[in-house]
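The structure under discussion appears below in the form of structure tokens.
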Amino acid sequence: MSRTSRTLRPFLLLALALAAAACGADAATMQVISDDTGAPGIQAGYVRVASTATGLVVDNQTERPIYFMAVNAEVLALLDWAPCTGGASCPSLVQGAKREIRWASVVFYQQSAKQFTVYWWNVTVQPDGTARADNVHNVTTTR
């Protein structure tokens with residue numbers, strides 16, 4: 001093995017390992033939210049989204065309830081929406097809970113779609129008593 005090959009070998013192995021990890025990514029995708037900033041409304045924890053045969057499983061491990069919506073990631077550019085703040089048509093998930101979003105409930109679901117995005121957010125109550133969506137995030141996962 002040449003000296004150049006020996007020198008480059010660790011970098012090539014690292015590049016291959018990273019590429020393999022990206023290609024064979026776990027079906028679960030997680031977004032970690034840090035409390036490092038101390039900004040109002042930010043909480044520690046994570047939201048994990050995993051693809052299953054029957055839908056997407058959302059796992060809320062943040063410090064507060066979240067509200068969420070799932071959509072086919074292939075049509076995100078066409079999406080015109082506003083986050084809801086409660087009510088029967090606004091799904092929520094309490095701290096520490098999991099829920100499956102059935103494929104039929106995913107916005108613009110197509111059986112051929114491979115990527116899905118789950119938007120999630122918190123709801124805060126303003127001084128005047130109105131509810132407002134706050135800290136909107138998204139997690140994209142592959143099926």
*Any salt bridge (Lys or Arg N to Asp or Glu O under 4.0 Å) pairs touching residues 124-133, not counting sequence neighbours?*
R132-D134
*Between S51 and L56, which heavy-atom pair has the shortest distance, and what is it?*
CA-CD2, 3.9 Å
*Is there any disulfide (SG to SG under 2.5 Å) pair reaching into residues 103-143, and which pairs are they, with sequence neighbours excluded?*
none
_Quick check on the hydrophobic clustering: are W120 and V106 connected, directly or via other members, by side-chain heavy-atom contacts under 4.5 Å?_
yes
*Sequence neighbours excluded, every pair satisfying salt bridge (Lys or Arg N to Asp or Glu O under 4.0 Å) that has a member inside residues 97-115*: E100-R102
_Just to verify, what does Q111 make a side-chain hydrogen bond (donor to acceptor under 3.5 Å, both in side chains) with, not counting sequence neighbours?_
none
*Linked, directly or transitively: I101 and V71 (ILVMFWY side chains, under 4.5 Å)*: no
_Membership question, hydrophobic clusters at under 4.5 Å side-chain separation (ILVMFWY): are V118 and V47 in the same one?_
yes
*Which value, rounded to the nearest 0.5 Å, describes the distance between Y46 atom OH and D59 atom CG?*
5.0 Å
*Kindly state each residue pair satisfying disulfide (SG to SG under 2.5 Å) with at least one member in residues 110-143, sequence neighbours excluded.*
none
*Linked, directly or transitively: Y119 and V49 (ILVMFWY side chains, under 4.5 Å)*: no
*Each residue besides V94 in its hydrophobic cluster should be listed here, by chain and number; the cluster joins Ile, Leu, Val, Met, Phe, Trp and Tyr at side-chain heavy-atom distances under 4.5 Å.*
none
*Which ILVMFWY residues can you reach from V125 by hopping between side chains whose heavy atoms are under 4.5 Å apart?*
none
*Could you state the interatomic distance from CD1 (I66) to CD (Q95), rounded to the nearest 0.5 Å?*
11.0 Å
*Give me the other members of the hydrophobic cluster that V57 sits in, counting Ile, Leu, Val, Met, Phe, Trp and Tyr linked by side-chain heavy atoms under 4.5 Å, directly or via other members.*
none
*Applying disulfide (SG to SG under 2.5 Å), which residue pairs with at least one partner in residues 65-139 are found, sequence neighbours left out?*
C84-C90
*Indicate yes or no for a side-chain donor-acceptor contact from N60 to the backbone of L93 under 3.5 Å, with no hydrogens or angles considered.*
yes
_Side-chain (W103) to main-chain (A53) donor-acceptor, under 3.5 angstrom_ = yes
Which donor-acceptor pairs under 3.5 Å do side chains of residues 72-81 form with protein atoms, sequence neighbours excluded?
from : atom 1 : to   : atom 2 : distance (Å)
N72  : OD1    : E74  : N      : 2.9
N72  : ND2    : F108 : O      : 3.1

*Mind jotting down which residue pairs meet the disulfide (SG to SG under 2.5 Å) criterion with at least one end in residues 92-137? Sequence neighbours excluded, please.*
none
*Is there a side-chain contact between Q126 and T124, using heavy atoms and a 4.5 Å cut-off?*
yes
_Trace of the side chain to side chain contact (heavy atoms under 4.5 Å, CB included) decision for V123 with Y67_ = CA-CA 8 Å; V123 172; Y67 295 80; 3.2 Å; yes
*Please round to the nearest 0.5 Å and tell me the distance separating atom CZ of F68 and atom CH2 of W121.*
8.5 Å
*Just how far is it from atom CG of N135 to atom NE2 of H137, taken to the nearest 0.5 Å?*
4.5 Å
*Counterpart residues, side-chain hydrogen bond (donor to acceptor under 3.5 Å, both in side chains), relative to T117 (two or more places apart)*: T140
